[in-house]
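Data block below; observations after.
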Amino acid sequence: MPDLSIPRHVAIIMDGNGRWAKKRLLPRTAGHKAGVDSFVNTVDTCSDMGLEVLTVYAFSAENWNRPKDEVGALIELMVNGINKYEPEMMRKNIKLRLMGDLSLFGEKCRGSLAAVQQRLSNNTGMVLCICLSYGGRQEIVNAVNELIKEGKTSVTADDIAGRLYSSGLPDPDLIIRTGGECRTSNFLLWQSAYAEYYFTDVFWPDFDKKELMRALESYSKRQRRFGR
Ligand code: IPE
Ligand code: IPE
Ligand code: MG
């Protein structure tokens with residue numbers, strides 16, 4: 001029996017950057033900047049711990065509806081952050097998987113993200129999934145459309161799971177949401193069927209190793225029954 005008290009896959013809704021900044025009378029982008037630092041630290045910790053998969057929600061399909069300036073700043077921060085962090089991901093043997101509708105990003109952006117993903121593709125350590133322009137409903141709709149294109153007239157759950165961005169990965173065991181909201185905001189709708197949720201009021205830029213350990217400790221005390 002695998003030890004279910006240690007998650008294989010942790011997923012995080014990194015929320016609360018704007019309110020973190022507001023509390024400090026700083027612009028929202030300062031919160032997003034601090035959020036990138038928090039992201040890098042969390043990836044480091046999870047990889048050092050030997051976690052199999054870490055998925056982070058960095059930019060939702062709905063986040064395109066934010067003011068243009070904020071969207072631009074967010075994308076720039078994310079793309080630069082991923083590029084800057086690439087050598088460290090290589091050293092840590094991290095494999096990168098980008099999940100979302102990347103066709104909505106500019107060509108230069110898309111090219112540079114795909115190139116980083118490609119260069120890290122032979123790594124065998126932790127899989128880091130970054131959800132960018134990601135929506136859970138859109139992901140399922142895309143999977144179904146793909147199956148229709150393949151000529152299928154009836155489908156199984158495995159057919160759908162196999163066409164999601166997360167194909168081949170275990171489902172998340174633990175989903176953490178920072179920032180105080182208790183909702184999924186269209187994150188991993190299919191994959192979260194039996195995930196344990198952990199909500200904390202801590203804003204994402206303040207989420208550190210101590211807070212992560214708190215979440216893992218809470219998870220370790222849960223009794224998962226899977227309907228049995
Ligand atoms: C999370 O922080 C980052 C993204 C959604 C991209 P927010 O920007 O949502 O911060 P709050 O929730 O307004 O505090
Ligand atoms: C969810 O946060 C998306 C990310 C963290 C990337 P939002 O701030 O966009 O979610 P809502 O609007 O509070 O539901
Ligand atoms: Mg938010």
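Every number for a ligand or one of its atoms is a count from 1 in the order of the listing. Below, each value reflects all heavy atoms present in this structure, side chains not excepted, and no hydrogens, waters or symmetry copies. A quick note: this is a predicted structure, and the numbers were derived from the prediction, not measured.
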Assess, by modelled atom type and distance only, whether the side chains of Gln223 and Glu196 contain a donor and an acceptor separated by less than 3.5 Å.
no
query = Taking atom types as modelled and ignoring hydrogens, do the side chains of Glu70 and Asn63 form a donor-acceptor contact shorter than 3.5 angstrom?
reply = no
Enumerate the pairs of nitrogen or oxygen atoms, one from ligand 1 and one from the protein, separated by less than 3.5 angstrom; state names and distance to 0.1 Å.
unit_1: ligand 1; atom_1: 2 (O); unit_2: Asp15; atom_2: OD1; d: 3.4
unit_1: ligand 1; atom_1: 2 (O); unit_2: Gly16; atom_2: N; d: 3.4
unit_1: ligand 1; atom_1: 2 (O); unit_2: Asn17; atom_2: N; d: 3.2
unit_1: ligand 1; atom_1: 8 (O); unit_2: Arg28; atom_2: NH2; d: 2.8
unit_1: ligand 1; atom_1: 8 (O); unit_2: Arg66; atom_2: NH1; d: 2.7
unit_1: ligand 1; atom_1: 9 (O); unit_2: Asp15; atom_2: OD1; d: 2.8
unit_1: ligand 1; atom_1: 9 (O); unit_2: Arg66; atom_2: NH2; d: 2.9
unit_1: ligand 1; atom_1: 10 (O); unit_2: Asn17; atom_2: N; d: 3.2
unit_1: ligand 1; atom_1: 10 (O); unit_2: Gly18; atom_2: N; d: 2.9
unit_1: ligand 1; atom_1: 12 (O); unit_2: Asp15; atom_2: OD1; d: 2.8
unit_1: ligand 1; atom_1: 12 (O); unit_2: Arg19; atom_2: NE; d: 3.4
unit_1: ligand 1; atom_1: 12 (O); unit_2: Arg19; atom_2: NH2; d: 2.8
unit_1: ligand 1; atom_1: 13 (O); unit_2: Arg28; atom_2: NH1; d: 3.3
unit_1: ligand 1; atom_1: 13 (O); unit_2: Arg28; atom_2: NH2; d: 3.1
unit_1: ligand 1; atom_1: 14 (O); unit_2: Gly18; atom_2: N; d: 3.3
unit_1: ligand 1; atom_1: 14 (O); unit_2: Arg19; atom_2: N; d: 2.7
unit_1: ligand 1; atom_1: 14 (O); unit_2: Arg19; atom_2: NE; d: 2.7

The Mg ion (ligand 3) -> Asp15, closest N, O or S atom is OD1
Closer than 3.5 angstrom, by distance alone: can the side chain of Glu139 be matched with the main-chain N or O of Tyr165 as a donor-acceptor pair?
yes
Does the plane of the ring in Tyr194 sit parallel, tilted or perpendicular to the ring in Phe226? Use 30° and 60° as the thresholds.
tilted
*Going by an N to O cut-off under 4.0 Å, is there a salt bridge joining Glu181 and Arg19?*
yes
One finds that the ligand 2 atoms under 4.0 Å from a non-hydrogen atom of Arg183 are 11 (P), 13 (O), 14 (O)
**Prompt:** Taking the six-membered ring for Trp, is the centroid-to-centroid distance between Trp204 and Tyr57 below 6.0 Å?
**Reply:** no
Worksheet item: Salt-bridged, Glu211 to Arg214, with N to O below 4.0 Å?
Response: yes
I'd like to know: is the Mg ion (ligand 3) within the 2.8 Å range of an N/O/S atom from Glu181, strictly under that distance? no
